[in-house]
**Q** 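Can you keep this structure in mind? I'll have questions shortly.
Throughout, residue positions are numbered sequentially from 1 according to the sequence presented.
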Amino acid sequence: MHAFDVLGDPTRRRILELLADGEMSAGDIVRVVAAEFGSSQPAVSQHLKVLREAGFAGVRTDGARRLYSLDPAPLRSVDEWLDPFRRFWGPRLDALATEIARGKKARRDNNAPAPTHDKDQP
């Protein structure tokens, strides 16, 4: 399965987001995904299987628990594929960063205490 086929599903993207924060048990993944997407345990298990088979996730057993972790290797190929397109959004992100900096400066300037002019000082 192609990486974009895997990433095209919002449930699988959410699982990858969860795994990006660290290893998680299958039960914890099911609880989060079921709450957010209304998915059943078998449906989440199928998504985890797709992620494992496509190389996006690894699994290990710890007693009776199955612990899943993110494997970043397939994401590197996605990043490489996207690289030629970065020129389209790079300048926009730079402009956004400039506007954010201007907004922060304006807020600092507006919140700065007004200068005091003491009559006794030269």
**Q** When you compare the side chain of Leu48 with that of Val59, does any pair of heavy atoms fall below 4.5 Å?
**A**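 Contact flag for Val59/Leu48 side chains = no.
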
**Q** So Gln41 and Ser45, do their side chains get closer than 4.5 Å, heavy atoms only?
**A**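 Ser45 reaches Gln41 side chain to side chain.
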
**Q** Using 0.5 Å steps for rounding, measure from the CG atom of Asp28 to the CZ atom of Arg31.
**A**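 Atom-to-atom, Asp28:CG and Arg31:CZ are 4.5 Å apart.
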
**Q** Carefully, step by step, assess Leu7 and Leu16 under the rule side chain to side chain contact (heavy atoms under 4.5 Å, CB included).
**A** CA-CA 9 Å; Leu7 297 174; Leu16 290 175; 3.4 Å; yes

**Q** For Ala34 versus Ser39, what's the shortest heavy-atom pair and its separation?
**A**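 The answer is CB-O, 3.3 Å.
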
**Q** Once you measure the plane-to-plane angle for Phe4 and His2, does it fall in the parallel (<30°), tilted (30-60°) or perpendicular (>60°) bin?
**A** parallel

**Q** Are the side chains of Asn110 and Arg107 in touch, meaning some heavy atoms are under 4.5 Å apart?
**A**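 Counting from C-beta outward, Asn110 and Arg107 never come under 4.5 Å.
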
**Q** For Arg60, give me all partners under salt bridge (Lys or Arg N to Asp or Glu O under 4.0 Å), at least two apart in sequence or on another chain.
**A** Glu23

**Q** Which distance, rounded to the nearest 0.5 Å, do you find between the CG of Leu18 and the CD of Glu36?
**A** 6.5 Å

**Q** Please set out all donor-acceptor pairs under 3.5 angstrom arising from side-chain atoms of residues 63-74, sequence neighbours excluded.
**A**
residue: Tyr68; atom: OH; partner: Arg52; partner atom: NH1; Å: 3.0
residue: Asp71; atom: OD1; partner: Ala73; partner atom: N; Å: 3.1

**Q** Quick one: does Asp5's side chain get under 4.5 Å of Val50's, heavy atoms only?
**A**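 Contact flag for Asp5/Val50 side chains = no.
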
**Q** Start with the C-alpha distance between Ile15 and Met24, add both sets of side-chain angles, then the distance that settles side chain to side chain contact (heavy atoms under 4.5 Å, CB included), and finish with yes or no.
**A** CA-CA 10 Å; Ile15 292 170; Met24 287 184 74; over 6 Å; no

**Q** Atom CD1 of Ile29 and atom CZ of Arg14: how far apart are they, to the nearest 0.5 Å?
**A**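 It is 10.5 Å, given to the nearest 0.5 Å.
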
**Q** Ignoring hydrogens, what is the shortest heavy-atom contact between Phe56 and Ala3? Give both atom names and the distance.
**A** CZ-CB, 3.8 Å

